[in-house]
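Side chains included, hydrogens not; waters and symmetry mates left out as well; all remaining heavy atoms used.
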Amino acid sequence: MPFIDTKLNIRLTEDQEVILKKKLAEAIEIFPGKTEYWLMLNFTDSSRLWFRGYNNFPMAMVEIKLLGSAEADLSNRMTRAICDLFQKELGISPEHTYVKYEFCDTWGWNGENF
């Protein structure tokens with residue numbers, strides 16, 4: 001039950017969105033038992049983000065929500081994968097990318113909770 005919510009202060013093309021979707025689906029497999037089958041994604045582009053008092057460079061805020069928990073090493077690998085992906089595909093420097101993790105014990109779907 002992973003959910004990745006991405007906010008960008010740049011415009012995202014349809015082609016870029018498809019690439020991000022594919023690569024994030026691959027990256028979520030860093031976490032054991034997580035696959036694209038259960039992955040939900042949201043992309044919000046042209047957000048009015050500010051960082052370090054500025055808004056004139058590309059930046060991203062990525063939130064990853066997972067049912068259960070994960071070892072710190074796995075989260076570190078995921079952060080690295082996201083930063084590399086966003087730098088390669090969108091030109092966003094890793095130093096302008098935040099990645100936040102939320103782990104929860106209860107997740108609902110299809111009228112019931114896991």
Side-chain angles (χ1 to χ4, degrees):
M1 282 23 67
F3 174 61
I4 302 176
D5 188 14
T6 302
K7 293 177 182 64
L8 306 161
N9 72 332
I10 60 172
R11 186 101 171 113
L12 193 61
T13 68
E14 188 174 329
D15 289 342
Q16 288 171 320
E17 185 172 338
V18 169
I19 290 168
L20 292 180
K21 176 247 172 265
K22 179 180 182 241
K23 297 295 185 179
L24 289 171
E26 293 170 3
I28 201 65
E29 293 183 3
I30 288 171
F31 299 103
K34 307 300 182 191
T35 66
E36 181 178 18
Y37 183 79
W38 291 106
L39 177 62
M40 184 179 283
L41 299 167
N42 179 58
F43 299 104
T44 305
D45 65 355
S46 301
S47 291
R48 297 179 63 171
L49 298 174
W50 289 76
F51 184 54
R52 297 183 173 155
Y54 299 95
N55 70 348
N56 60 345
F57 48 80
M59 64 186 85
M61 176 64 206
V62 182
E63 295 183 68
I64 301 171
K65 300 172 194 232
L66 295 171
L67 176 64
S69 61
E71 296 176 18
D73 178 58
L74 299 176
S75 297
N76 283 331
R77 287 177 49 203
M78 186 66 169
T79 297
R80 193 171 306 112
I82 287 171
C83 287
D84 290 349
L85 172 63
F86 283 35
Q87 183 170 37
K88 179 182 177 190
E89 299 300 333
L90 304 176
I92 299 175
S93 170
E95 68 180 17
H96 299 147
T97 303
Y98 271 169
V99 182
K100 177 187 174 196
Y101 294 88
E102 285 185 36
F103 304 103
C104 68
D105 296 325
T106 306
W107 199 289
W109 170 75
N110 198 24
E112 60 185 286
N113 291 335
F114 289 94

S.K.: Looking at every non-hydrogen atom in both residues, tell me the closest pair between Leu39 and Ala25 and how far apart they are.
M.R.: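 The answer is CD2-CA, 3.7 Å.
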S.K.: Is the closest side-chain heavy-atom distance between Leu74 and Pro32 below 4.5 Å?
M.R.: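 A side-chain contact exists here, since the closest heavy-atom pair is under 4.5 Å.
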S.K.: Answer whether the closest heavy-atom distance between the side chains of Val99 and Ile64 falls below 4.5 Å.
M.R.: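 A side-chain contact exists here, since the closest heavy-atom pair is under 4.5 Å.
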S.K.: What's the shortest heavy-atom distance between Leu66 and Pro2, and which atoms?
M.R.: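 Of all heavy-atom pairs spanning Leu66 and Pro2, the closest is CD2-CB, 3.4 Å.
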S.K.: Do Met61 and Ile92 sit in the same hydrophobic cluster, where Ile, Leu, Val, Met, Phe, Trp and Tyr count as joined when their side-chain heavy atoms come under 4.5 Å apart?
M.R.: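 No, because Met61 and Ile92 fall into different hydrophobic clusters, even though each may have its own neighbours under 4.5 Å.
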S.K.: State plainly whether one hydrophobic cluster holds both Met78 and Phe43, where clusters connect Ile, Leu, Val, Met, Phe, Trp and Tyr through side-chain heavy atoms under 4.5 angstrom apart.
M.R.: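 Linked, Met78 and Phe43 end up in one cluster.
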S.K.: Should we count CG of Asp105 as having more than 12 external heavy atoms under 6.0 Å?
M.R.: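 No - once you tally the heavy atoms of other residues, nucleotides and ligands closer than 6.0 Å, there are 12 at most.
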S.K.: Is there a donor-acceptor contact under 3.5 Å from the side chain of Asn113 to the main chain of Thr106?
M.R.: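 Here the side-chain-to-backbone pair does not exist.
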S.K.: Measuring from atom CG of Asn9 to atom OG of Ser46, what distance do you get when rounded to the nearest 0.5 angstrom?
M.R.: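 Asn9 atom CG to Ser46 atom OG measures 8.5 Å (nearest 0.5 Å).
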S.K.: For residues 79-93, which residue pairs qualify under salt bridge (charged side-chain N to carboxylate O under 4.0 Å, His left out), counting only residues two or more places apart or in two chains?
M.R.: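 Not a single pair qualifies under salt bridge (charged side-chain N to carboxylate O under 4.0 Å, His left out).
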S.K.: Hey, are the side chains of Asp5 and Leu41 touching, using non-hydrogen atoms and a 4.5 Å cut-off?
M.R.: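 Not touching, per the 4.5 Å side-chain cut-off.
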S.K.: Going from NZ on Lys23 to CG on Leu85, what distance comes out if it is rounded to the nearest 0.5 angstrom?
M.R.: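 One finds 7.5 Å between NZ of Lys23 and CG of Leu85.
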S.K.: Decide whether Ser75 and Asp73 meet the rule of one side-chain donor and one side-chain acceptor closer than 3.5 Å.
M.R.: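 Asp73 and Ser75 do not have a side-chain donor-acceptor pair below 3.5 Å.
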S.K.: Any pair with a residue in residues 72-106 that passes ring pair (Phe, Tyr, Trp, His ring centres under 6.0 Å), sequence neighbours left out, goes on the list, sorted by first then second residue, please.
M.R.: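 Checked against ring pair (Phe, Tyr, Trp, His ring centres under 6.0 Å) - neighbours excluded - the pairs reaching residues 72-106 are Phe51-Tyr98, Phe57-His96.
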S.K.: Between Ser93 (side chain) and Glu95 (backbone), is there a donor-acceptor pair under 3.5 Å?
M.R.: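 Indeed, once roles are kept as given, a pair shorter than 3.5 Å links the two residues.
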S.K.: Quick one: pull up CE in Met1 and CZ in Phe114 and give me the separation to the nearest 0.5 Å.
M.R.: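 Rounded to the nearest 0.5 Å, the CE-CZ separation comes to 4.0 Å.
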S.K.: Under a 3.5 Å distance rule, please check whether Lys34 uses its side chain to pair with a backbone N or O of Leu67 as donor and acceptor.
M.R.: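 Yes; at least one donor-acceptor contact below 3.5 Å.
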S.K.: Determine whether Leu20 and Leu12 make a side-chain contact, defined as any pair of heavy atoms from C-beta on separated by less than 4.5 Å.
M.R.: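 Contact flag for Leu20/Leu12 side chains = yes.
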S.K.: Do Thr44 and Thr6 touch side chain to side chain, with heavy atoms closer than 4.5 Å?
M.R.: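 Not touching, per the 4.5 Å side-chain cut-off.
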S.K.: Can you tell if the side chain of Glu14 reaches within under 4.5 Å of the side chain of Gln16, non-hydrogen atoms only?
M.R.: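 Not touching, per the 4.5 Å side-chain cut-off.
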S.K.: Would you mind reporting whether Trp107 and Lys65 have side-chain heavy atoms less than 4.5 Å apart?
M.R.: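 Lys65 vs Trp107: side chains touch.
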S.K.: Any salt bridge between Glu17 and Lys21, counting N to O under 4.0 Å?
M.R.: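 Here Glu17 does not pair with Lys21 in a salt bridge, since their nearest N and O are not under 4.0 Å apart.
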S.K.: Are Met59 and Leu24 connected in the hydrophobic side-chain network, where two residues link if heavy atoms are under 4.5 Å apart?
M.R.: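 Hydrophobic grouping puts Met59 apart from Leu24.
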S.K.: Could you give all pairs that pass the salt bridge (charged side-chain N to carboxylate O under 4.0 Å, His left out) test and reach residues 47-59, with sequence neighbours left out?
M.R.: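 Qualifying pairs: none.
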S.K.: How far apart are the closest heavy atoms of Ile28 and Ile4, and which atoms are they?
M.R.: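 Closest heavy-atom pair between Ile28 and Ile4: CD1-CD1, 4.2 Å.
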S.K.: Yes or no on side chain to side chain contact (heavy atoms under 4.5 Å, CB included) for Lys7 and Glu63, after CA distance, side-chain angles and deciding distance?
M.R.: CA-CA 9 Å; Lys7 293 177 182 64; Glu63 295 183 68; 3.8 Å; yes
S.K.: Do Phe31 and Tyr37 sit in the same hydrophobic cluster, where Ile, Leu, Val, Met, Phe, Trp and Tyr count as joined when their side-chain heavy atoms come under 4.5 Å apart?
M.R.: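 In one cluster with Phe31: Tyr37, no.
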S.K.: If we ignore hydrogens and angles and just use 3.5 Å, is the side chain of Asp45 paired with the main-chain N or O of Arg11 as donor and acceptor?
M.R.: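 Checking the backbone N and O of Arg11 against the side chain of Asp45, no donor-acceptor pair under 3.5 Å is found.
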